[in-house]
Amino acid sequence: MVNINVFSQILGLVDRNIFNKLVQQYQSDKHHKGINSWTHFVSMLFCHLSSADSVRDISNGLRSTTGNMSHMGISRTPSKSNLSYINKHRNHGLFRDLYYKLLDDLWRKDSPRRTELNRLKRKVYLMDATIIPLCLSVFDWAKFRSAKGAVKLHTILDYDGCMPSFVHITDGKQHESKIAKTISFPKGCVVVVDRGYVDYAWMNVLDSNQSFFLTRSKSNMKYTVVKTFQSEALQDSGVLQDQIIELDGDAKKHYQGKKMRIVRFWDSINKAEYEFLTNNFTWKASTVAALYKERWEIETFFKHLKQRLKVTNFVGTSENAVYIQIWTALIGILLFKYIQKKAKYDWNLSNLANFIRLNIFVKIDLWKWANDPFFSGKPPDKIGQFKLF
């Protein structure tokens, strides 16, 4: 019989030595008055895993497990006012740095390369941003539009493992391309973005660094065709046209007169034509289309973050409180995906998050349960009976 509940076992995945070093670095336990940084972290992770809607729900939820406090590593449960205060005043950088430390400690050690694009033999980064709406009358610091508030998550997803290797939080008005210009990508990597990132001066920086970009061209892009590749074999694979081009006008100056490549692809499933833009001239045209299709992974990540963690309903209104909730949400999804990766059962992430929420204080062996959640030796078809959406 296991004496520790599921939540305590998930907390056990977080190396306390890593956490304690960060606490010392940030001096975040100075004047903590009994609610130390670990208790704060436990409270916010509980918020995400249990889907709590308020600081009252967090406080009451943890208080209901008084017999398990020692297993969670805490000596007391925070009150509603305690949580509100520390969310406003404890530096959110502690939780940001903890996310990156856990990414190294739990994820990157044995995260396998994705098989779909192994043939590229290069690091692939998927970059995008997502808006998290906020009520401007309550979150008055989150400027976005005249009557709306929001924060924006600028994210780079490492295709190997599909977890963010970079996250930067800004107000909703900050344009994606402006943040992209501040990021230094490693030589030889591939950066996949949507057309909102099309900035020819920035794309020239990537090209000059011998990195590759892949995006969709803008409808108003002016260019001159240098060479066209067209054949029945290309058309049979869905490639309508493969061209080498030179930009015209100011765009040519920003890209320093260098050549680009356009691939027009017909998606027979969605009955739509797409036009891809890249500085790689050696990939097969079908590889260009397949690579851009993988950009959907970052959209899937955003969907899981918003639907399975608490990043659309905030328990604090200050900027620091919102940032803390976002960073602890990223830690939560990292822990979910770590369990998903290690478990023998082929979990759908949505199902795993829901089953953990339903069993968060149940005293069962986490890994035995994750390996065989139905204790049958032959789990039922998750696509049929247990797929939630």
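Values in this document were obtained by computation on a predicted structure and should not be read as measured data. Counting from 1, the numbers follow the sequence of the chain as shown.
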field: Intermediate values then yes/no, side chain to side chain contact (heavy atoms under 4.5 Å, CB included), Arg216 and Asp194
entry: CA-CA 6 Å; Arg216 289 177 63 187; Asp194 67 15; over 6 Å; no
field: Check against side chain to side chain contact (heavy atoms under 4.5 Å, CB included), Met260 and Met203
entry: CA-CA 10 Å; Met260 285 188 180; Met203 293 157 80; 3.9 Å; yes
message: Run His40 and Phe95 through ring pair (Phe, Tyr, Trp, His ring centres under 6.0 Å) and show every step you take.
response: CA-CA 10 Å; His40 188 189; Phe95 303 100; 5.2 Å; yes
task: Run the numbers on Phe361 and Phe46 for ring pair (Phe, Tyr, Trp, His ring centres under 6.0 Å), then give the verdict.
output: CA-CA 11 Å; Phe361 287 137; Phe46 174 75; 5.6 Å; yes
- request: Mind running ring pair (Phe, Tyr, Trp, His ring centres under 6.0 Å) on Tyr100 and Trp327 for me, showing each step along the way?
  value: CA-CA 10 Å; Tyr100 288 119; Trp327 284 113; 5.8 Å; yes
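No side-chain donor-acceptor contact under 3.5 Å links Asn209 to the backbone of Val205. Between the His89 side chain and the Tyr85 main chain, a donor and an acceptor come within less than 3.5 Å of each other. Looking at Arg264, its side chain never comes within 3.5 Å of a backbone N or O of Val239 through a donor-acceptor pair. Not one N or O on the side chain of His254 forms a donor-acceptor pair closer than 3.5 Å with the backbone of Tyr200. The closest donor-acceptor contact from the side chain of Thr328 to the backbone of Ile324 lies under 3.5 Å. The backbone N or O of Cys162 lies less than 3.5 Å from no partner atom in the side chain of Glu297, so there is not a single donor-acceptor pair. Thr65 places a side-chain N or O within 3.5 Å of a backbone atom of Leu62 that can act as its donor or acceptor partner.
Between the CG atom of Asn204 and the CG atom of Asp207 there is a distance of 6.5 Å, given to the nearest 0.5 Å. For the atom pair Asn36 CG and Asn20 CG, the distance stands at 9.0 Å (nearest 0.5 Å). Distance check: Asn348 CG to Leu352 CG gives 9.0 Å after rounding to the nearest 0.5 Å. With rounding to the nearest 0.5 angstrom, the CG atom of Asp158 is 5.5 Å from the OH atom of Tyr125.
Note: Phe139 and Phe314 have perpendicular aromatic rings, judged against thresholds of 30 and 60 degrees for the angle between ring planes. Using cut-offs of 30° and 60° for the angle between ring planes, the Phe213 and Tyr255 rings count as perpendicular. Between Phe276 and Tyr292, the ring planes lie tilted relative to each other; the angle falls in the 30° to 60° range.
Contact annotation: the side chain of Leu214 never approaches that of Asn279 to less than 4.5 Å [non-hydrogen atoms, C-beta and beyond]. Taking the side chain as every heavy atom from C-beta outward, Gln241 and Thr228 approach each other to under 4.5 Å. Residues His154 and Thr130 form no side-chain contact, since every pair of their non-hydrogen atoms from C-beta on lies 4.5 Å or further apart. Side chains of His48 and Arg308 form no contact here, defined as non-hydrogen atoms less than 4.5 Å apart. Contact annotation: the side chain of Val315 approaches that of Asn87 to within less than 4.5 Å [non-hydrogen atoms, C-beta and beyond]. Under the 4.5 Å side-chain criterion, counting only non-hydrogen atoms from C-beta, Ile262 is in contact with Met221. Taking the side chain as every heavy atom from C-beta outward, Ser318 and Tyr323 never approach each other to under 4.5 Å. Using a 4.5 Å heavy-atom threshold, the side chains of His175 and Tyr197 count as separate.
Taking 4.0 Å as the cut-off between side-chain N and carboxylate O, Lys181 and Asp199 count as a salt-bridged pair. Ion pairing between Asp267 and Lys293 fails under the 4.0 Å rule for side-chain N and carboxylate O. With respect to Lys152 and Asp171, no salt bridge is recorded, no charged nitrogen being found less than 4.0 Å from a carboxylate O. Ion pairing of Lys303 with Glu299 is absent here, as no side-chain N (NZ or NE/NH1/NH2) approaches a carboxylate O to less than 4.0 Å.
For Lys341 and Tyr338, the positive end is not near the middle of the six-membered ring at less than 6.0 Å and at most 45° from its axis. Annotation: cation-pi geometry not satisfied between Lys337 and Trp347 (NZ/CZ under 6.0 angstrom from ring centroid, within 45° of ring axis).
In the model, Asp128 has no side-chain atom that pairs as donor or acceptor with a side-chain atom of Thr155 under 3.5 Å. Judged by distance alone, the side chains of Ser59 and Ser79 never bring a donor and an acceptor atom under 3.5 Å apart.
Between Phe41 and Phe19, the ring center distance clears the sub-6.0 Å criterion.
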